[in-house]
Amino acid sequence: MLIEYIVGLSGLIAAGLFIYGLKAMSSPVTAVSGIVTAGYGMVFVVGATFLNLFNISPDARPHLLVNVALAVVALLLGCLWTGWRGRTVQMTAMPQMVAIFNGMGGGSAASLAAVSLLSDHATSGLHLSVTIVGALIGCISFTGSIIAWAKLDGRMRKPVRFGGQRIFNAALFLIALVLGALTVMQYATPQGVLPGILFFAAALLFGVCMTLPIGGADMPVVISLYNAFTGLAVGLEGYVMGNPALMIAGMVVGSAGTLLTALMAKAMNRSLTNVLFSNFGDTASSAKGPEGEMKSADPSDAATSMRYASSVIIVPGYGLAVAQAQQKLYEFVKMLVADGVDVKFAIHPVAGRMPGHMNVLLAEAGVPYDMICDMDDINDSFATTDVALIIGANDVVNPEALTDKSSPIYGMPILNAYKARQVFVIKRGSGTGYSGVQNPLFFQKNCTMVFGDAQAVLSKMVEAVKALGTA
Amino acid sequence: MLIEYIVGLSGLIAAGLFIYGLKAMSSPVTAVSGIVTAGYGMVFVVGATFLNLFNISPDARPHLLVNVALAVVALLLGCLWTGWRGRTVQMTAMPQMVAIFNGMGGGSAASLAAVSLLSDHATSGLHLSVTIVGALIGCISFTGSIIAWAKLDGRMRKPVRFGGQRIFNAALFLIALVLGALTVMQYATPQGVLPGILFFAAALLFGVCMTLPIGGADMPVVISLYNAFTGLAVGLEGYVMGNPALMIAGMVVGSAGTLLTALMAKAMNRSLTNVLFSNFGDTASSAKGPEGEMKSADPSDAATSMRYASSVIIVPGYGLAVAQAQQKLYEFVKMLVADGVDVKFAIHPVAGRMPGHMNVLLAEAGVPYDMICDMDDINDSFATTDVALIIGANDVVNPEALTDKSSPIYGMPILNAYKARQVFVIKRGSGTGYSGVQNPLFFQKNCTMVFGDAQAVLSKMVEAVKALGTA
Amino acid sequence: MMDSVTSMTFIIALYIFMLAAFTGYVVISRVPSILHTPLMSGSNFIHGIVVVGALDALFNATTLTGQIIGFVGVFLGAGNVMGGYVVTDRMLAMFRPSQKQTPEKKGQP
Amino acid sequence: MMDSVTSMTFIIALYIFMLAAFTGYVVISRVPSILHTPLMSGSNFIHGIVVVGALDALFNATTLTGQIIGFVGVFLGAGNVMGGYVVTDRMLAMFRPSQKQTPEKKGQP
Ligand SMILES: NC(=O)c1ccc[n+]([C@@H]2O[C@H](COP(=O)([O-])OP(=O)(O)OC[C@H]3O[C@@H](n4cnc5c(N)ncnc54)[C@H](OP(=O)(O)O)[C@@H]3O)[C@@H](O)[C@H]2O)c1
Ligand SMILES: NC(=O)c1ccc[n+]([C@@H]2O[C@H](COP(=O)([O-])OP(=O)(O)OC[C@H]3O[C@@H](n4cnc5c(N)ncnc54)[C@H](OP(=O)(O)O)[C@@H]3O)[C@@H](O)[C@H]2O)c1
């Protein structure tokens, strides 16, 4: 009883620390302390769980030593592997890393459900149903996240699509539901085992099939959705286990993640249904839009005109992440600043492939966050700016989004880089961006292309400015 | 069982609506819909409670009719009386009205506790202790709020103070605790009745004694504190009754009210302990500070110079509320605006006698809230303003708060009215404000007094401007 | 009473209290000062839900004392609810932006 | 399991879920977009508390199947916790204001 109280209170404290930590993460100033606070909560509650060893069911007592050994090994393995991966992963690979960790959580929730179904002391049909629903969601999150990882990590280049896919998926989902219902009805009978196993198989398979047709670029939204899914699954399994700390932590993430997903989808000017069920972002829509003459310049010329400009706004995009050129970019910017140029970064909310992607990249390179401006704050300044330098960005500066109703990105707010007196665009060729549409900005009179990989171009630019400095 | 589920779910929905409503009240745009939402929740949960009639304890069945009749009568009486009072009370009397309503809630929580103690099916010492703590807090809130009302309503002019009062109060509190402990220990025995009754008496008395020595001007903070108290008491009694809707609603208010109290005390530059246990705001500190020559002008002269100013900032204070002059003031302002003067209202967070007091007064008079500026937004504008018109405000424009470390209001942020090119002050005489200190601003060169009751003075000003208009 | 569908253990009650307290805190922490007074009375209205508990107590009263206390409790609780609502509603109705500034006045003579 | 100090009825569970969902909503609703990515991984970390449930399950395992599933659950949960923490911490550590801009770099070669 005493131990139960201690463990119960430790969960209470941990839940409080989690919420507090999540709240602290809502400001850059307190964010670091926020994750640390949440971390303390986690250490505390995991530690307290070991007190439950004094309280295990009589049947399990003979296995105590083995079980504890297994637990310690599993903990160590899990922590070491992900700790190492998490420490060494490149910043640009964050989305797929988060996907993996999230999938692991979903899998863990699903295995909790499996354990509950195996044990024969379930109390009610309600409990069993909640268990099954949690298992379903957890399984989807598990395999779905793995597919998301594979796509983002470039191990699965093409979305897998075939005729009748939606019907197939719907059927699979129904089958999983039916199997789940069978499992509940035949609980604790020998006939219940097979439907149970098949249920898990169907749920896992559905996670795969649901994610396969979605284009790689939509993955961040999907990962965020699966993050919410895992939270929900954890919350439901927490109810099954009678553990309110799991319920609270899970449900807080479930609702926060749902909101985050909605914000993301909205920022990309899409609906969630559209992300999940349409085949957008895939058919490398070869219907090229505007045609015309692109001017191009070489890096040193562009660098020179920026060096003598009085104000420059830099618009980074996905290409910067691909080229891993953020350090070089900041090196270049520091030289401009030293020469008295007023430089700002303009960040579009959905630049890159996950929300805040550019902020993280720039922060990684050491760019102070007061040089970084949100879209709404800086959009009016372009008109009075000498040079807008666009690096590996495309959709987020496409003026068609403002004017062309037939464009797939119509309605998305953009950075008004086209209004700057002079626009430079660094990209490798005439590749389109995520949405697959051409960008009329590139044919504009005030726009000059600087072709090449962003990293290479920026290196040359740095050289060019250095040369000017010594001259 | 079904009824229990319905009632339980109705509480869930109500709690959700309360929280949603409270959140909506955090913006002027959604605030009205917020209180309406919360109102629906209340109607719903009260209605659902009548379903419990199908579920009452067997002993109570013979009394069913009487009890229902009593309930309906009590509901009607309570609603009609406070509905009528609430509809007709003057806006300036809001603080004491809120005090009364709050006290009623505290009393209701205390009577819930009494009922629980009378019934003999309490389950544990823990339950009983929670009941007693809730009763204590509820009783304090009940009688304390009534004293607060009496003070603010002018029925009790002087704080009641005597030597050793704090020791007396502490002793009374201890006695109440001891009686409470006795009640718990002798629960459901005949010997428990007397301590029980004495406990309630002591708790009620303590509420009175705790509030008596506090100065009338501190009452709004105290009312806010008692508001939090009632919330807490309701939450605790909700636990005793096994009613999570009461627990949630009560605790939400308990924590929100505590925060609000702290914000209030902080805005007045005091600590809560200081409000509760010091004898501030009473000794009409006759140690008059600055002496010198006050210039005075008559209303029409002042009105004329404002009519021809290009910008005027109005600083309303407690005196405006006393004089009930907000309508006249807005009439005057409308005339100025019609004549092309740029008029703004500057509101100090603790102007008046409760937070937001001035906002409510001005809103009542129909002043659009975009003419009303918060202290932080407008403080820099005084220096470039032609005229600052101070009406019945004193402490909130006292520059001593910025400079004189010995002043009781040192450290309180003030409205920088003293920086305006010309300052007019409408007040009746040389009375001090809430803090009892003189205001050096009144002796400043650029300051002119316009003596008289605010209502009378403003009427004359309106006349004067009218006369100018026709001239 | 402990076997009802809303019965709970002490620990669970603490969880609920913790969540509710946090919610109250977050919801209030960013309220502009202009709304402080209506907010005080709005939260005052919300704890009027105590009337629900008082009704339950009165419904189950078996003695005269119980009935009297229950009656008082319902009366006081109902007063809390109604008064809190009316006052809050009146105050909030006065906050309107200048564009749709209607000349009609409520209440006050 | 239903007689433990943290057992609860379904209705009570709904109350807890409601409060928790509201809390998550309020906490996220005003986060600046600059923090969206670390926030996604931060909340990812938080649902790693599932490892606690997995540990309980493994501790009480009596069959080999139970042990295997429990082991997998603990491994996956621990990975969720540790990975989520490390990644979030790394990202957040990079957000610093310009004044105290230290030249030292972490992680990345
Ligand atoms: N942030 C999110 O949460 C999120 C999530 C999913 C999808 N999206 C979507 O992603 C898009 C983001 O827009 P964006 O402007 O950042 O990117 P974008 O529109 O995808 O364009 C990226 C551009 O970078 C160029 N590029 C690629 N690799 C490069 C390299 N190594 N060096 C130089 N340039 C390179 C490409 O052109 P070349 O091939 O010619 O070089 C391409 O045009 C939006 O449509 C948004 O809706 C955002
Ligand atoms: N807002 C809150 O939450 C709250 C709560 C409690 C205390 N307080 C305190 O209250 C003070 C508020 O400052 P304040 O500047 O608004 O008011 P104040 O400092 O109390 O001054 C009010 C002034 O109004 C004048 N006055 C009174 N009746 C008048 C009438 N009928 N016509 C014209 N003038 C009249 C008085 O001078 P005459 O007598 O010469 O006319 C007095 O100097 C602060 O010290 C604050 O800390 C605020």
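Convention: sequence-line order gives letters A, B, ...; per-chain numbering from 1.
Across all non-hydrogen atoms, the minimal contact from D:A54 to A:S108 is CB-OG, 4.0 Å. Across all non-hydrogen atoms, the minimal contact from D:F59 to A:T49 is CE1-O, 3.7 Å. D:A78 and A:A74 make their closest contact through CB-O, 4.3 Å (heavy atoms, listed as atom of the first residue, atom of the second, distance). Heavy atoms only, all atoms of each residue included: A:G39 and D:Y85 are closest at CA-CE1, 3.8 Å. When all heavy atoms of D:S41 and A:V98 are compared, the closest pair comes out as CB-CG2, 3.8 Å. In this structure, D:T9 and A:Y239 approach most closely via the heavy-atom pair O-CE1, 4.4 Å.
The structure places OG1 of A:T261 at 8.0 Å from CE of D:M40, a figure rounded to the nearest 0.5 Å. Put simply, OG on A:S255 and CZ on D:F17 are 12.0 Å apart, with the number rounded to the nearest 0.5 Å. Atom CG of D:N60 and atom OG of A:S57 lie 4.5 Å apart (nearest 0.5 Å).
Between chain A and the options D:S29, D:A20, D:G77, D:G42, heavy-atom pairs under 4.5 Å are most frequent for D:A20. Options A:V252, A:V66, A:I100 differ in how many heavy-atom pairs under 4.5 Å they form with chain D, and the most are formed by A:V252. Looking only at heavy-atom pairs under 4.5 Å with chain A, the residue among D:I49, D:V26, D:D56, D:N80 that has the most is D:I49. Chain A forms more heavy-atom pairs under 4.5 Å with one residue of D:V81, D:L58, D:L39, D:T65 than with any other, namely D:L58. Of the listed residues (A:N243, A:V115, A:L70), the one with the most heavy-atom contacts under 4.5 Å to chain D is A:L70. Listed options D:N44, D:V87, D:T88 were ranked by heavy-atom pairs under 4.5 angstrom with chain A; first place goes to D:N44. Put simply, of A:M94, A:K23, A:E237, the one with the most heavy-atom pairs under 4.5 Å next to chain D is A:M94. No other option in A:G103, A:G8, A:A71, A:G250 has as many heavy-atom pairs under 4.5 Å with chain D as A:A71. Per-residue counts of heavy-atom pairs under 4.5 Å with chain A were compared for D:A57, D:G53, D:G66, D:G84; the largest is that of D:G53. Taking A:L53, A:D59, A:L118, A:I248 one by one and counting their heavy-atom pairs under 4.5 Å with chain D, the maximum is reached by A:L53. For the options D:V72, D:L19, D:T23, D:V27, heavy-atom pairs under 4.5 Å to chain A are most numerous at D:V27. The residue among A:G107, A:P244, A:G34, A:A228 with the most heavy atom pairs within less than 4.5 Å of chain D is A:P244.
The six-membered or imidazole ring of D:F45 lies away from that of A:F101, with a centre-to-centre distance of 6.0 Å or more.
Between the side chain of D:R90 and the backbone N or O of A:R87 there is at least one donor-acceptor pair closer than 3.5 Å.
Side-chain contact between D:F71 and A:L77 is present, with at least one heavy-atom pair separated by less than 4.5 Å. A heavy-atom distance below 4.5 Å is found between the side chains of A:V46 and D:V51. Side-chain contact between A:L22 and D:I46 is present, with heavy atoms from C-beta onward closer than 4.5 Å. D:M8 places a side-chain heavy atom less than 4.5 Å from the side chain of A:M247. Looking at A:L260 and D:I28, their side chains come closer than 4.5 Å, going by heavy atoms from C-beta outward.
In this structure, chain D has a heavy atom under 4.5 Å from the side chain of A:L259, while its backbone stays farther away. When heavy atoms are compared at a cutoff of 4.5 Å, D:V74 approaches chain A by way of both its backbone and its side chain. Heavy atoms closer than 4.5 Å to chain D are found in the side chain of A:L126, but not in its backbone. Contact of D:I16 with chain A is made through the side chain alone, with heavy-atom distances under 4.5 Å. In this structure, chain D has heavy atoms under 4.5 Å from both the backbone and the side chain of A:L246. Proximity to chain D (any heavy atom under 4.5 Å) is shown, for A:V7, by neither the backbone nor the side chain. Heavy-atom distances place both the backbone and the side chain of A:I56 under 4.5 Å from chain D. Contacts between A:I347 and chain D at a heavy-atom distance below 4.5 Å are absent for every atom of the residue. Both the backbone and the side chain of A:A245 come within contact range of chain D, each with at least one heavy atom under 4.5 Å from a heavy atom of that chain.
With 3.5 Å as the limit, one finds a donor-acceptor pair spanning the side chains of D:H47 and A:N227.
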Could you walk me through whether D:Y25 and A:T258 pass the side-chain contact (heavy atoms from CB on, under 4.5 Å) test, one step at a time? CA-CA 9 Å; D:Y25 182 88; A:T258 306; over 6 Å; no

